[in-house]
Amino acid sequence: MKIVQLEEESKKDILNQLLKRSPNHYGSYMEQVQKIVDEVKEKGDEALFFYTKKFDGFSLDEETIKVTEEEIKKAYEEIDPSLLDIMQKALKNIREYHQKQMQYSWFDSKPNGTMLGQKVTPLETVGVYVPGGKASYPSSVLMNIVPAQVAGVKNIVMVTPCNKDGKISPVTLVAAKEAGVTQVYKVGGAQAIAGLAYGTKSLPKVDKIVGPGNIYVALAKKAVYGTVSIDSIAGPSEILVLADESANPRFVAADLLSQAEHDELASAILVTTSETLANEVAKEIEGFLEQLPRKEILEKSLEQFGYLLIAKTLDEAIDTANAIASEHLEIVTKNPFEVMMKIQNAGAIFIGEYSSEPLGDYFAGPNHVLPTNGTAKFFSPLSVDDFIKKSSIIYYSKEALEPIQKDIIAFAEAEQLTAHANSIRVRFEEEE
């Protein structure tokens with residue numbers, strides 16, 4: 001892990017290096033992904049089943065693609081009851097947090113005969129992508145389904161790849177059922193994204209696709225954007241710890257490694273005003289690396305995208321954190337709430353030494369689907385807002401329209417849109 005004295009040039013170099021992790025920089029994969037998307041759009045189930053056999057090794061058909069109630073019941077029998085209890089506790093926190101995000105329709109009537117408002121409507125059908133493979137991610141299932149369920153989405157369709165035996169992790173299925181999923185399908189990869197976007201005989205067309213995935217999934221979401229809405233094009237995970245000399249170096253090291261273990265492209269950065277802390281964190285990291293089983297991934301991640309940055313002042317450290325706009329930002333300083341007020345760009349902010357990043361991943365309640373690769377400068381965490389749409393409401397009586405009719409006509413004619421002007425004029429032509 002590199003210890004770097006912060007200067008304008010070094011900050012610029014680090015930002016450029018981090019941006020290389022963005023899915024937008026993996027154009028070499030795009031041709032292959034576009035081919036899959038186009039074939040699913042054209043051939044439907046035929047392409048969906050072909051690519052599932054090719055990539056996942058299982059021969060799907062119309063009868064086996066959908067997870068049955070019997071399979072879900074069996075999953076409940078196979079899951080560890082203590083894990084189910086933990087998931088239900090987390091689910092309660094996640095649901096309560098997202099219920100506070102609810103927005104409601106509003107209408108504003110005035111005595112002059114006007115009524116303006118906003119009608120809030122949940123999306124009809126949403127697709128949730130859940131990664132499969134060797135690991136199961138029930139936390140991701142909860143985080144993507146719960147805000148949709150709270151928003152009132154009628155159909156929540158989950159897709160996730162099955163193994164060569166056509167099985168899905170029992171933990172994944174139970175998490176989906178507990179969160180409120182409507183249907184689950186055994187298909188993953190770019191083909192699943194295309195199937196959700198365009199619809200096939202077996203897979204329903206959705207209005208929006210959310211959920212993390214590998215580079216093929218990310219690029220497929222990019223390819224179908226516009227046909228459907230998407231949450232974001234997620235990049236590799238990242239954490240930035242903003243600390244001063246008061247921080248516990250062992251805690252900081254452990255937190256940095258909690259994200260570096262995701263994959264070789266994950267980023268872990270410490271920005272501190274204390275060179276002593278940076279050196280102590282480096283020593284703690286070396287010690288942890290000898291204990292943790294994902295050592296190879298951790299070492300590659302830290303070598304490529306791990307930094308211990310030394311800032312001259314706390315303000316410089318804060319400016320650097322805002323420039324990087326990390327997915328996860330931990331503040332471990334003497335006055336963390338004061339520092340928090342100066343943070344403009346971060347996906348999620350963790351305050352104090354006992355608010356470690358995994359707390360947000362699993363249990364606290366806020367969503368762990370967060371903007372990556374600097375997009376926290378303009379994107380927000382996944383929320384109930386992502387599963388609703390808003391319609392403007394406009395009502396004017398004749399008496400309310402009459403005093404302003406000439407203003408509207410003049411405005412329209414100034415833009416040379418005479419039919420617009422006429423649409424207002426005809427309503428009062430008998431009075432002229």
Measure across [X] and [Y] and return the closest heavy-atom pair with its distance rounded to 0.1 Å.
{"X": "A260", "Y": "I297", "value": "O-CG2, 3.9 Å"}
{"X": "Y129", "Y": "P161", "value": "OH-CD, 3.9 Å"}
{"X": "A151", "Y": "I388", "value": "CB-CG2, 3.9 Å"}
{"X": "P371", "Y": "P381", "value": "CD-N, 4.0 Å"}
{"X": "M115", "Y": "S109", "value": "CG-OG, 3.5 Å"}

Run the salt bridge (charged side-chain N to carboxylate O under 4.0 Å, His left out) test on E96 and K100 for me, step by step, so that the C-alpha distance in whole Å, both residues' side-chain angles and the decisive distance to 0.1 Å come before the verdict.
CA-CA 7 Å; E96 286 179 354; K100 291 180 174 66; 5.6 Å; no
Determine, for [X] against [Y], whether the closest basic-nitrogen to carboxylate-oxygen distance falls under 4.0 angstrom.
{"X": "D231", "Y": "K221", "result": "yes"}
{"X": "K208", "Y": "D386", "result": "yes"}
{"X": "E39", "Y": "K35", "result": "yes"}
{"X": "E303", "Y": "K2", "result": "no"}

Kindly say whether [Y] contributes a backbone atom to a donor-acceptor pair with the side chain of [X] at under 3.5 angstrom?
{"X": "E238", "Y": "N373", "value": "yes"}
{"X": "D108", "Y": "L116", "value": "no"}
{"X": "T372", "Y": "G235", "value": "yes"}
{"X": "S301", "Y": "A266", "value": "yes"}
{"X": "K205", "Y": "G195", "value": "no"}
{"X": "D244", "Y": "L314", "value": "no"}
{"X": "T68", "Y": "E71", "value": "yes"}
{"X": "Q304", "Y": "E264", "value": "yes"}
{"X": "N93", "Y": "F363", "value": "yes"}
{"X": "T160", "Y": "V130", "value": "yes"}

CD on Q118 to OG on S105, rounded to 0.5 Å
7.5 Å
Side-chain H-bond candidate by donor/acceptor type, [X] with [Y], under 3.5 Å:
{"X": "D45", "Y": "S202", "result": "yes"}
{"X": "T313", "Y": "E316", "result": "no"}
{"X": "K119", "Y": "T121", "result": "yes"}
{"X": "D85", "Y": "S82", "result": "no"}
{"X": "Q34", "Y": "D38", "result": "yes"}
{"X": "E178", "Y": "Y76", "result": "yes"}
{"X": "S237", "Y": "E327", "result": "yes"}
{"X": "D385", "Y": "Q103", "result": "yes"}
{"X": "Q183", "Y": "Y185", "result": "yes"}

Over 12 non-hydrogen atoms of neighbours within 6.0 angstrom of NZ in K92
no
For the pair D263 and K300, evaluate salt bridge (charged side-chain N to carboxylate O under 4.0 Å, His left out) and give the outcome as yes or no after the intermediate values.
CA-CA 9 Å; D263 61 59; K300 288 183 179 178; over 6 Å; no
Among residues two or more places apart or on two chains, list those pairs meeting side-chain hydrogen bond (donor to acceptor under 3.5 Å, both in side chains) that have a residue in residues 161-176.
S136-S169
For residues 345-366, which residue pairs pass the side-chain hydrogen bond (donor to acceptor under 3.5 Å, both in side chains) check, not counting sequence neighbours?
Q259-E357, H328-E357
Take E7 and K312 through the test salt bridge (charged side-chain N to carboxylate O under 4.0 Å, His left out) and record every step on the way to the result.
CA-CA 9 Å; E7 305 288 349; K312 297 181 185 68; 3.3 Å; yes
Kindly determine whether E280 and R250 satisfy salt bridge (charged side-chain N to carboxylate O under 4.0 Å, His left out), including the steps that lead there.
CA-CA 8 Å; E280 289 175 346; R250 188 165 176 81; over 6 Å; no
